[in-house]
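Below, chains carry the letters A, B, ... as their sequence lines are ordered, and counting in each starts from 1.
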Amino acid sequence: MIGVGKMKQYSNVLDRPLSKGKQEVSLSAFAFLFSELVQYNQTQVDNIAELERRLEDAGYAVGARVLELLCHRDKGNRRETRLLGILSFVHSTVWKVLFGKVADSLEKGTEHEDEYMISEKELLVNRFISIPKDMGTFNCGAFVAGIVRGVLDGAGFPAVVTAHFVPVEGQQRPRTTILIKFAEEVLRREARLG
Amino acid sequence: MEPDVSIETSSMIRVAVLPIGHVPPVLLRDYHSMLLRHQSIPLSAVSSFYTEHQKSPFAHQPWDSGSLRFKFVLGGAPPSPWEDFQSNRKTLAVIGICHCPSSPDLGSVMDQFDSACRAYPAALVERCFAFCPADSQLEDGSKKGWNLMLFPPADRATQEFHLQTMMQDIAASLLMEFEKWVLKAEPAGTIVKTPLDSQATLNSEEVIKAKKRRLGRAQKTMGDYCLLAGSPVDANLHYSTALELARLTGDFFWYAGALEGSVCALLIDRMGQKDTAVEEEVRYRYNSVILHYRKSFIQENAQRVSPLTFELEATLKLARFLCRRELAKEVVELLTNAADGAKSLIDASDRLVLYVEIARLYGTLGYQRKAAFFSRQVAQLYLQQDNRLAAISAMQVLAMTTKAYRVQSKASTLEDSLPKKETGSSVVEGGKMLHQSVVSLFESQWSTLQMVVLREILLSAVRAGDPLAAWGAAARLLRSYYPLITPAGQNGLASALSNSADRLPSGTRCADPALPFIRLYSFPLHPSQMDIVKRNPAREDWWAGAANTGPFIYTPFSKGEPSNNSKQELIWIVGEPVQILVELANPCGFDLRVDSIYLSVPSGNFDAFPVTVNLPPNSSKVVTLSGIPTSVGPVTIPGCTVHCFGVITEHLFKDVDNLLLGATQGLVLSDPFRCCGSARLKNISVPSISVVPPLPLLVSRVVGGDGAIILHEGEIRDIWISLANAGTVPVEQVHVSLSGKHQDSVLFIASETLKSALPLRPGAEVTIPVTLKAWRIVLADADTAAGRSAFKHSKDGNSPTLLIHYAGTLPNTADPSTEKSVVPPGRRLVVPLQICVLQGLSFVKARLLSMEIPAQVGENLPKPVHIDNSLTEGAVGTPNKMDRLVKIDPFRGSWGLRFLELELSNPTDVVFEISVSVQLENTDHEHSLSVDRDATEYGYPKTRIDRDCSARVLIPLEHFKLPVLDDSFFVKDNQADGSGRSYSFSERNTKAELNASIKNLISRIKVRWQSGRNSSGELNIKDAVQAALQTSVMDVLLPDPLTFCFRLSRNGPGAENIDSHEESNDQVDSSASKGSVMAHEMTPMEVMVRNNTKELIKMSLNVVCRDVAGEDCVECANATVLCSGVLGGITMEVPPLEEIKHSFSLYFLVPGEYTLIAAAMIEDANDILRARARTKSSDEPIFCRGPPYHVRVVGTA
Amino acid sequence: MPPVGPRSGDAIFANVERVNAELFTLTYGAIVRQLLTDLEEVEEVNKQLDQMGYNIGIRLIDEFLAKSNVSRCVDFKETAEVIAKIGFKMFLGVTASVTNWDADGTCCSIVLEDNPLVDFVELPDTCQGLYYCNILSGVVRGALEMVSMKTEITWIRDMLRGDDAFELQVKLLKQVPEEYPYKDDE
Amino acid sequence: MATTACFIIVSRNDIPIYEAEVGSAAKREDAAQLHQFILHAALDIVQDLAWTTSAMYLKAVDRFNDLVVSAYVTAETHTRLMLLHDSRNDDGIKSFFQEVHELYIKTLLNPTYLPGSRITSSHFDTKVRALARKYL
């Protein structure tokens, strides 16, 4: 029956036009799915770091694809070759498409040249997840961090990307900051390109 | 074309360096390198040797700043046809190099030198340097002609200095020669030609033009000499005129030449310092140089000669000049154009040079892949010319490309492994993207290219006669690309491997492994026999905590993905062999013979035992590799050392792991193990192993028991386990514990015996008994055939296991010095008791029987039943056993006598003998005066049950009757028959008591079996019996409230003596005869009523006498029995636990059998009685009836 | 003012918060990818996906009942309809149809023309036998179990296997008498 | 249609994840090999060039003898579509690249496809060859 499948042309993904990305599903559907992602991975690890790594990997897979898709669809086949360009691409284009809004803020790290931060008051994936006490600093943002890393790495800006809770005064829920630390080769190249 | 040309080349004086006589290559290289230090001699240094003969033509010679440049050509070069065009192509000096020790006769040396020099007509200066001459040579050397320079043996510095002066001298003389030449050249415009100008062209020219052209060329040449003389300014002057003339005469070729010269002059003048202006200028002029060379291309003699080489050289020169990363684009453009030229080059060697140069330049540009590409082109050119030297060069060139094509030999990767990783990780930040890191680790990536390159390397290596290189190439090819190679091709490679191996000395090592693929299969941590347990010196019972862990706790494959960070600790012991399983795969189409394979242990404290393996095509095999740790310390096992295809190679586990990882990601060609049909297994991390000093080693053996110990259900047997110390250290501590299922089946372990044997010296042995009691087979298995289920059991590992923790001496931790020295660990010996429980007798059912045996009226008083031991002990088979089996007390009456009938069947194929015994506490009869014995046991005859037979066993129960009826029982009774009456205390409690009493009743019944000589056990029938008794337990236990009995009171009162127990039995026997009554006599009788309760009972007693027909023969019309005294409605009160007598007399008219029955109507019965009588209503009277008594009346009617 | 009877799927979907389907699809893709890498065997992956779906199903039912005031559907037929028409719409924004009822109304098919899970997906030969959308069957099973209907769910058609639609066969095994332990605690 | 045309997709780590000889010329193994060697060599140039422009189509980047290498760098910078050809039809090549790029995106989006691994899908191959016939 698989053979039959190959015959059917319309069944093949390559023949379908790329979606315009306007389609939507209910947030709770995603919420359920995401919580399953987290729960499954919990069964595969014995420590938080490992869990975050696995979530990040999952995110990476998403990011790498999103990059290619969006550059083609939303940026008319232009590549981002400069650091700031790619950052704003992540901060605005990627965020807009995936989370329906531009990220709250994009800042340059104060102490380190190679660090940038994307902050979000209420990261989509953290909205419906409440971290059990025993999981300490675990942050589902790792998934988003993975997406970011996927985009950056894909575009040739390898970086270490991590998600952190940052307490905000006057609010009991902390905001999530995605910390991006670029590899030195990236900065070297930036310098060369001037 | 010439290799290694640059713009500056035009200013270099070419010097041939020729070895004269035999000069060992090493030395030659050394001397040459000494010369190379003097490639540039400053004019300032020359001046001392320089003597001005005439006005120097070099007006603007920069004596202070300038210098002469040399280009040493080792071995010299054939004269070029283009010498006139570019003077730097002339070999202007010859330097001979002679190593005196190897050529003693300096005379002949000189002759050789002179003859050598003849090959260089253009040479202006000739010198022969003779190194380290002997004294003899020194003196006759001085005689010889002036151009032999002796370098007496001296320290390096001196020789350096000597050489320097020599060179300066040479420089000076050359300079003077140049001056001569220029002066000579000036007036007479000597005709200089190049192969380019054909006769035709020369003749055809009209005179003026020809003259001009000659002048121009002369000027150009003089410019060249100025350059060589290190005077750029003078050179420039000549060049500009030359350019002018060449332009006028359209002599493009020479124009270009002059222009090149001018650029060189410019650079020399600028002392090599480049600023953008200069760079711009150079770029500009050189482009026109290139242009003009191209212009000077003349069709008609194109085949014979073409200026193309010059165009290309110029291009390369510019490229080299600009060769910087920033200008990459431009350089690439130049080089690409240059490359285009290749195909139109006539001379193959020119093409070779061209490609070499391009490759080099790309290399310096950092374009490794480009460089590799052209290097390969070079290699192919070499391979086209079919000779060994060419092959060698080809091989060397290809070797340089391997990095770019990622087919390096492991040997080379080892060096640059670090930077490689670094770049790898920069692409793969944090190495998190697993598959990427895998890919960069995996050999095969751009297989098409890689295979070609490796094939070429193999080919060239074979031609070059370098078997090792050939082997390595073939190995890499086979290992990485077998899936892409046809079986035929694979065979070819295999034979290539063995062929090259034949040319190699045996025991040659190669960095590149070929086949097979080897992965860690499993790491048998200690067989449970040898478990090692960390010994905590602090606690005495170090085994505690370790004890509960079953033997199979250390399983190397833990759940979850292989996490290498959490490596297992593993301890090996010096001198105790260990084994590791590896899996070998041969995915190729030929039989693979691994001559030897053994664990490679760099740490060196391990003796690995090699094994030989044969792997059929496309097969994999799991091989056990063993070895013995030789000394204490950590052991690392990165892989295996393999001797295969005649060469020894290292196979690292991690390489294969990466490969497999790649395979799972679908990134690599194929998984060698999968395609050999071997299952995928999680990759196993080598545990971190440490070797510890020798420990004691206990080995166990079940004495006589080969394999499983076979027991019948419930069987109890002793077995003997012998423990021997096979280690080299005495056992000091030992502790035995149990684990596993059915621990309760081990009744006793003589651990004391073991302890007492300590310390157990090496080789010593001790045997300890262990008492086992077979458990019952669960009913599930019971129906399946006994044997099978039994074996299944033993397999299930549901037999118990003995854990014997033991250890050697504990270093006295008293002194702190030994504190740090780690305590030698203890060990654990696991002795699984392989118990097979065979199904034994199977219990079919138990049921309650009751029977009634009427009593006889006799003279004696009924006595409470009791048997003294003398009769029971082993009284099996004695004649009077029967009446013990069924205990009848004729007087007390055996009314409602109850038996427990057990039905047993024997499905096994052995014979069983059953013996039932009942145990009684004498406390039952507290009222009897018998001396108190704590327990008496009733034996019953053995019952034999043959195979496949079943048998019944009767167990009378009346012994259990209680003497007294008191209320405590009623509650139970009441619970028992579940009447809903409410009582003071809670049900639960009473139920418990009830069960307790039943249990205790049951527990006194034992059914033992015996089979054969040494197998015996007890049948577990408690539940069954309980079930059987549950309902009627009350009737079994409880006496009636009243018991009645009759007797003949013929020998008057007083005869009632209760103390004549001894002869009770015979009396009972005789009672029948004695009790017979004569007809036609007044027979006085007594009826006795005993109150078994603790309260006084009021009642009205009735006595009835019936004949055989059951007619009441007293109170009827034609009475056959007359009576005196009251028989009916006798009201009496019986005090608790007392008897009351009532006398009467009977007169039997007719002899025969009569039955006396006493019955009583209890008035105002209390609850107890009601309960016993199981009546609900409180008003209805309770009727109590004794057992029937028989009276035999003899006599005549 | 609770609207009478169940609200239409579209109405609900219009009102619930929504996210870009691509995020959903790609995330699901990432999950499947992880499972394939971790479990290696396609069968295991199918199991795990079904399990995940089941976990979702049993949690999702509350929200479903709450948002769509579906008066608890007693008979299986009705339930199936509700799932197809409302359930799929309100969560995935796609509508499904119910067909192929068997005689005794205990077995039907839920047919999906359009399925956000499988955008971009094409099964390579190494993944034949994978039920890519198996999570859906799990969801349906789990949800139905919460309304006390034990069901067995099998894929009849799968576009990834070349069929023209996705068809889930839902077979009612047994219907536990009505009781809502999960309804109250919210 | 180009007589010679060799198309490859090179992943990050410079591994060809798709190769196709799409020229009309008869296939010869040594030729095919040479083509790949040329393409491989061109990677150095592409690498440098890629960062100097944000365009994906880099036009002709390198040549050897009369064989020209044109390159197209996708957003996922490490993925390069490279074509070795002897024709000079620039627009054709450009559109070819763009359409193949779209195919590549679709392939990439397939979750069962692991970025950087070989593209084994047979549809992909057939479609690429079709495009080659159409544009080259």
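To the nearest 0.5 Å, atom NE2 of residue A/His72 and atom NZ of residue D/Lys106 are 8.0 Å apart. To the nearest 0.5 Å, the span separating CG on A/Leu67 from CD1 on D/Ile105 amounts to 9.5 Å.
Looking at A/Arg189, only its side chain comes within 4.5 Å of chain D, counting heavy atoms on both sides. Only the side chain of D/Tyr104 comes within contact range of chain A, with heavy atoms under 4.5 Å apart.
D/Ser54 and A/Arg78 share a donor-acceptor pair across their side chains, judged by distance under 3.5 Å alone.
Annotation for D/Lys59: atom NZ does not count as buried by contact number, only 12 or fewer foreign heavy atoms lying within 6.0 Å. Enclosure of atom NZ in A/Lys121 is not indicated, since only 12 or fewer non-hydrogen atoms of other residues, nucleotides or ligands lie within 6.0 angstrom.
The ring-ring contact (aromatic ring centres under 6.0 Å, His included) check on A/His164 picks up nothing, with sequence neighbours excluded.
The nearest pair of heavy atoms linking A/Arg65 to D/Asn110 is NH2-O, 3.3 Å.
Between the side chain of A/Glu68 and the backbone N or O of D/Ala75, at least one donor-acceptor pair lies under 3.5 Å.
Side-chain contact between A/Asn77 and D/Phe97 is absent, with no heavy atoms from C-beta onward closer than 4.5 Å. Between A/Arg79 and D/Thr53, some side-chain heavy-atom pair lies under the 4.5 Å cut-off.
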